[in-house]
Amino acid sequence: MDKEPYHIWISEIMLQQTQVETVIPYYERFLSALPTVAALANADEAVLLKLWSGLGYYSRVRNMQKAAIQIMTEHGGVFPSTAKDLQTLSGIGPYTAAAIASISFGEVVPALDGNMFRVFARLLKIDADIAQPSSRKLFYTRILPIVDPVRPGDFNQAIMDLGTSLMRAKAETKSESPFARFNLSFQDGTELTYPIKSKKVKQIPKFYAAIISETSGALAYEQRPKTGLLANFWTFPLLEFDSWDAIYDGVSAQYPDAKQLTISPVTHLFTHQKWQVMLVQVDKIEEKWTYLTDEAYDVLPQTTLQLKLQAALKEMQ
DNA sequence: CACACGTGGGC
DNA sequence: TGCCCAAGTGT
């Protein structure tokens, strides 16, 4: 099995909040383009974002490059080998540090991710709210003595496998399961109430006009701010309004010739926002917009939102 | 501590 | 549709 820390690191970061099936092609492509820590440290941001386009949580790849630079400059190009040292790197928190330390270097630490929280909350009936950061210490203390001292990496991966197979969030243990006799919550019928998790984020509705402005075969784009949501990505110019109904009149006030291109909104969900976007064509050419041909645009990193807007525009034509 | 930060899939 | 889930970290 591949235990190369650079490889484990990339896969663990990609797998944060992301399904295995989604990650595989990204992983192969990333490793081919940037095979070493040094290559990652020296890569252009546009190359990084292009390799990550569509994966989401784009700060992950920016932090990976920061960490690669840290490894080259502060660690002489040698990958840190303990969970404690790994956690000093950008984008590496307690979970990823433990995963790399146990898998690549054999350190005996539990890699506490969503799966491990769920598996042990059920097996041991741990009532702590996993949405509370303070609960991590309690789980860590309970699980540490259980980690296989000889094969900690295999232990961590096995627990995660258990969490994605027999002990998925909505899967109940069957009485013939070999795990039934270890599973306290199964024995008293409370399994699906674990893990205890309080947090619920609501998605705030947002309304935008996406401006379609064309001149000599090129369309208008804007680069998003360098911090915040979809930082530095290129999208059609976006104007925000308070409601869906306010969009068309609002755009018309600035651009009297505005033409509404979409009847129903292009919708896009983020973790905490729900966007509804109307495509609006205008004749005016604004200096603040950057006009790019399709060829020039295609080499830039694109978000899934922008791909949806492009697809909707193409359907109009 | 609470919240920002993407995307895709299941029901 | 709306809500939950999926290999978290930074601020």
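Throughout, protein chains are lettered first and strands after them, A, B, ... in sequence-line order, and every chain is numbered starting at 1.
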Next on the checklist: Over all strands shown, is A:Val23 touching base, sugar-phosphate only, or nothing at heavy-atom distances under 4.0 angstrom?
Outcome noted: nothing
Checklist entry - Tell me the salt bridge (Lys or Arg N to Asp or Glu O under 4.0 Å) pairs involving residues 121-133 of chain A, sequence neighbours left out? => result A:Lys125-A:Asp188
Next on the checklist: Any side-chain to backbone donor/acceptor pair from A:Arg60 onto A:Met14? Under 3.5 Å, distance only.
Outcome noted: yes
Next on the checklist: Please give the distance between the P atoms of C:dA6 and B:dC5 as a whole number of Å.
Outcome noted: 23 Å
Item to check | Exercise: identify the closest heavy-atom pair between A:Trp9 and A:Ala68 | outcome: CH2-N, 3.9 Å
Checklist entry - Partners of A:Phe233 by ring pair (Phe, Tyr, Trp, His ring centres under 6.0 Å), sequence neighbours excluded? => result A:Tyr58
Checklist entry - What parts of residues 80-110 of chain A reach DNA chain B, counting only heavy atoms under 4.0 Å away? => result none
Checklist entry - Within the structure shown, what part of the strands sits under 4.0 Å from A:Lys202 by heavy-atom distance: base, sugar-phosphate, or nothing? => result nothing
Checklist entry - Within the structure, does a side-chain N or O atom of A:Arg168 lie under 4.0 Å from either OP1 or OP2 of C:dA6? => result no
Next on the checklist: Just to verify, what does A:Phe236 make a ring pair (Phe, Tyr, Trp, His ring centres under 6.0 Å) with, not counting sequence neighbours?
Outcome noted: A:Tyr221
Item to check | Rounded interatomic separation in angstrom, taking NZ from A:Lys197 and C1' from C:dG8 | outcome: 11 Å
Checklist entry - Base, sugar-phosphate, or nothing for A:Arg62, non-hydrogen atoms under 4.0 angstrom? => result nothing
Next on the checklist: Check the phosphate of C:dG2 against A:Lys274, side-chain N and O only, distance under 4.0 Å to OP1 or OP2. Yes or no?
Outcome noted: yes
Checklist entry - Could you write nucleotides 3-8 of chain B as a row of B, S and -, 5' to 3', where a protein heavy atom under 4.0 Å of any base atom gives B, of only sugar-phosphate atoms gives S, and otherwise -? => result BSBBBB
Item to check | Side-chain hydrophobic cluster, 4.5 Å single linkage: members besides A:Leu269 | outcome: none
Atom pairs and distances, side-chain donor-acceptor, residues 152-160 of chain A, under 3.5 Å, sequence neighbours left out:
| residue | atom | partner | partner atom | Å |
| --- | --- | --- | --- | --- |
| A:Asp154 | OD2 | A:Arg151 | NE | 2.8 |
| A:Asp154 | OD2 | A:Arg151 | NH2 | 2.9 |
| A:Asn156 | OD1 | A:Ala111 | N | 3.0 |
| A:Asn156 | ND2 | A:Ser102 | OG | 2.9 |
| A:Asn156 | ND2 | A:Val109 | O | 3.0 |
| A:Asn156 | ND2 | A:Pro152 | O | 3.4 |

Item to check | Rounded distance in Å - CZ (A:Arg118) to C1' (C:dC4) | outcome: 12 Å
Next on the checklist: What's A:Gln132 touching, base or sugar-phosphate or nothing? Going by heavy atoms closer than 4.0 Å.
Outcome noted: sugar-phosphate
Checklist entry - Rounded to whole angstrom units, what separation is found between the CG atom of A:Leu192 and the P atom of C:dC5? => result 11 Å
Item to check | Qualifying residues under side chain to side chain contact (heavy atoms under 4.5 Å, CB included), relative to A:Glu74, sequence neighbours excluded | outcome: A:Gln70
Checklist outcome for this item: Rounded to whole Å, CD of A:Glu12 lies from P of C:dG8 at a distance of 9 Å
Checklist entry - Quick one: hydrophobic cluster around A:Ile285, which other residues, with the 4.5 Å side-chain cut-off, linked directly or via members? => result A:Phe207, A:Ile211, A:Leu239, A:Phe241, A:Trp244, A:Ile247, A:Tyr248, A:Val251, A:Tyr255, A:Met278, A:Val280, A:Val282, A:Trp289, A:Tyr291
